[in-house]
Structures are given as structure tokens and as C-alpha cells.
Number of protein chains: 2
Amino acid sequence: MNKKVQSNSDETPYKWFWRALDDYLVKNSLKQTKQRKVIVQEFLAMNPHVDAEQLFERLRKMGYYFGLATVYRTLNLLKDANLVDQLAFSDGRSVFEVNTPDSHHDHLICTHCRKVVEFENEEIEKLQLKVAQHYGFSLESHRLDLFGRCPDCMPV
Amino acid sequence: MNKKVQSNSDETPYKWFWRALDDYLVKNSLKQTKQRKVIVQEFLAMNPHVDAEQLFERLRKMGYYFGLATVYRTLNLLKDANLVDQLAFSDGRSVFEVNTPDSHHDHLICTHCRKVVEFENEEIEKLQLKVAQHYGFSLESHRLDLFGRCPDCMPV
DNA sequence: ATCCATCTTCAAGTGAATTGCAAATAGAGT
DNA sequence: ACTCTATTTGCAATTCACTTGAAGATGGAT
Ligand SMILES: [Mn+2]
Ligand SMILES: [Mn+2]
Ligand SMILES: [Zn+2]
Ligand SMILES: [Zn+2]
């Protein structure tokens, strides 16, 4: 009783992701292994903000005993393909998220329950560009994290 | 021939820093050791954006063979005293900087030469507060890093 | 001068992430 | 379908920044 792994992808809104991944693999003479398919499939199912260890645990619970190194290598492959971003937190942990082209967001992070809320603010983006220009920098990317208490964690 | 270690402090613009540190030590029944004095003195001399390992090397070159653990413990003490901030970068490294009260800045970081430029932008700060409020978050702190090429590293 | 809580040192430990290498496998070429 | 080999996997060992345990040293209160 074989499990079908790829077929799901056509039912998710991630067609573009799978296509881009296939392209990347072909272009770089990389292989489409069972491990990669399952890891990517479960990565997408956990979206957004996936922790490598959590993804590893999920795979384990679903009966896929892949090595943790394989999970990391797959996530790094997706990063190299520019399909995911890695958000490194100051405590040394990091999470991965789908890098949606033509869209950008920053993060509000609850210092109490660690919940993460995404937001977009065009005004801030424009001001960032202005600042960079003022100092003669070309702006390649940025990282804006706002830390505070979420509504559920507000002290009375 | 003893070296004078503390006297320098009265000649620097960091009187307030030394006073605040002395206060903190006294209030918490902590001791003023030779190691702490020298480490803080050289930390201030390297300002801004001090890497723990670099500080350790500097001390070593000046003839102070303190343990790296002592350097880290002293920097953590300064953090606990709210006298320095730690900026953790995504590569796992981090730098420490004096936490100047009543002033705040963010960072422009050159992706080519790693130079760090500080900037302030009141408009961005205000917008951050607005975003947090919009999502019902209390805003405790934030981190904004802009990445790009500095003028010296601009491709022709 | 005594005393003891705090410190320093050095080595060992931590934890996320990477890497080396032998065995397995995808998939191109025949 | 079978071969061939570059790529991949699994597992253990390793790395890197940083922290911690423990035993002897020291600041500073009395
Ligand atoms: Mn996100
Ligand atoms: Mn700074
Ligand atoms: Zn919360
Ligand atoms: Zn530069």
C-alpha cells in the first residue's frame, strides 16, 4: 500500500511552489527524492512559520523516519531556490516561511506566548528606502520585528 | 608598576555609565573586581558594536589574560544592568552596544563589508506604534535592520 | 584580621545547525 | 530493462557561540 505523495500538491494553492521547485531541481541537476517530496509537502501543510525540529517531529509522527539532517538540507535547498525565507530569532532558534513573490510582510511577536502576527505597512517600507538613500546605501532587504504583548496575553 | 584602571573613566564621556554600574553592583551585592573594571574600560574604548571575541582578543593583546567566560559574564552583567544591548545577527554572532538612555537608533548593515551605520527615524517609530495598536499589541521593543551595499561597496 | 558570599578560571557541557563518509538511489544514457 | 554514476541519505561526529559546574581566589563587610 504505497502512499501517494505528490498528488496532493495539485490540490493545494501551492502549485506555483511545486513548479518552481521542479524547475529549480531540473536546472541544477538535482534529484526528486521521496524524502524531498514528503518534507516539502509537510512543510507546506504546517505553514506559516515552521520550526525545523517541529517539522522533523511531525514527519516522525506521520511515520516518516527521515534524518534531521535531511530536513535541514531540504529547507536549505528551498532557501537556495529562493522559495523560503529563514527568520532567525535572537534566542538562536529560527523558523522558515514560504517566500511569496510580489508580497512582503513583517512580524509582530508576542513576548509572552510567542504568537506571531504578520503585517504589511507600505508607509514604513517607503521610509526605509528613504533612510537607505540618505546614507548612500542600496537597500537589498530588511527585517522588522515588533515585540510586545498580544491581546490574549495583556496583563489586567 | 601598577596600571591604573578606573581613573580613565573620569576622563571619558562615560561617567554616567560607570556611576550606573557602581550603583548596580552595590545594590545587588556584587563585587568590583579588577577583571570587571578592565573589561568594561576596554568595552567602552571599542564602542560601538563590540563583538565578545574581539573584546577578548583586544584584552589579550593588552596583556590581560582573562578567561573568555569572564568576558561573556561581564557583558551579561551589563545587559542585566540595562547598560548594554545585545544585537544578535542571523549568523549566530552578536555584538554589544552601550544602551544610551533616552535615545534609540536602528541599523543599516552593509552586506558586503559588514559595516554598521546607525540611524534614527521618528516617523518609522510612530508608525510601528500605530501598527502594534491596530493589532491590539502593547509595543515593548522592536528591531529594524536594513541590509544593503554601503557607498564604499557600491558596484560600479 | 577574619570570614564568607561572590568571582574567576578552565574544562566540560549545550543546542541548533552543518559536515564527512559509506551505502543507497534517481534518472540519464544505452 | 539494465548500467552507470552523480546525487542523496542516514548517522555520527563536528562546529560554533555561548553557558555552566566546580574548586580555589578574592572583595569587602564586620
Ligand atoms: Mn511571516
Ligand atoms: Mn548601534
Ligand atoms: Zn501572547
Ligand atoms: Zn560596505
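In what follows, chains are A, B, ... by sequence order, proteins preceding strands, each numbered from 1.
Between the C1' atom of dT8(C) and the CZ atom of Arg36(B) lies a distance of 10 Å, rounded to the nearest Å. The CG atom of Leu75(B) sits 15 Å away from the P atom of dC7(C) (whole-angstrom rounding). One atom, CZ of Phe96(A), and another, P of dA16(C), lie 13 Å apart when rounded to the nearest Å. The distance between atom CG of Asp51(A) and atom P of dA17(C), rounded to the nearest whole Å, is 7 Å. Between Leu55(B) atom CG and dC18(D) atom P the separation is 12 Å, expressed in whole Å. The CZ-C1' distance, from Phe89(A) to dA17(D), rounds to 19 Å in whole Å. The nearest whole Å value for the distance from the CD atom in Gln35(A) to the C1' atom in dA24(C) is 10 Å. Tyr64(B) places its OH atom 13 Å from the P atom of dT9(C), with the value rounded to the nearest Å.
Between the side chains of Glu140(A) and His112(B), no donor-acceptor pair of N or O atoms lies under 3.5 Å. In this structure, a donor-acceptor pair under 3.5 Å is present between the side chains of Gln86(B) and Ser94(B).
Electrostatic pairing of Arg114(A) and Asp91(A) counts as a salt bridge here, judged by a charged N lying under 4.0 Å from a carboxylate O. The pair Asp152(A)-Lys115(A) meets the salt-bridge criterion, since a charged nitrogen lies less than 4.0 angstrom from a carboxylate oxygen.
Within a 6.0 Å radius of NE2 in His134(A), no more than 12 heavy atoms belonging to other residues, nucleotides or ligands are found.
Side-chain rings of His142(A) and His104(A) approach one another, their centers coming within less than 6.0 Å.
No cation-pi contact links Arg36(B) to Tyr64(B), judged by a cut-off of 6.0 Å to the six-membered ring centre and 45° from its axis.
Residue Leu68(B) is classed as having no contact, given no heavy-atom separation below 4.0 Å to the nucleic acid.
The end-to-end axis angle of the helix from dA1(C)-dT30(D) to dT30(C)-dA1(D), rounded to 10 degrees and based on five pairs per end, is 30°.
Residue Glu42(B) is tested with Lys61(B), Lys37(B), Arg58(B) for a salt bridge (Lys or Arg N to Asp or Glu O under 4.0 Å); the sole match is Arg58(B).
For Leu30(A), the listed nucleotide lying nearest its side chain is dT8(D); candidates were dT9(C), dT8(D), dA17(C).
Two residues, Ser29(B) and Phe66(B), neighbour DNA chain C, and the one matched to the more 5' nucleotide by heavy-atom proximity is Ser29(B).
At the phosphate of dT9(C), OP1 or OP2 sits under 4.0 Å from a side-chain N or O atom of Thr70(B). A close approach under 4.0 Å does occur between a side-chain nitrogen or oxygen of Tyr72(A) and OP1 or OP2 of dA17(C). Proximity of Asn76(B) to the phosphate of dT19(D): a side-chain N or O atom is located under 4.0 Å from OP1 or OP2.
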Carefully, step by step, assess Gln54(B) and His49(B) under the rule side chain to side chain donor-acceptor pair (under 3.5 Å).
CA-CA 10 Å; Gln54(B) 286 164 14; His49(B) 308 141; over 6 Å; no

What string of B, S and - do you get for nucleotides 22-27 of chain D, 5' to 3', when a contact is any protein heavy atom under 4.0 Å?
----BB

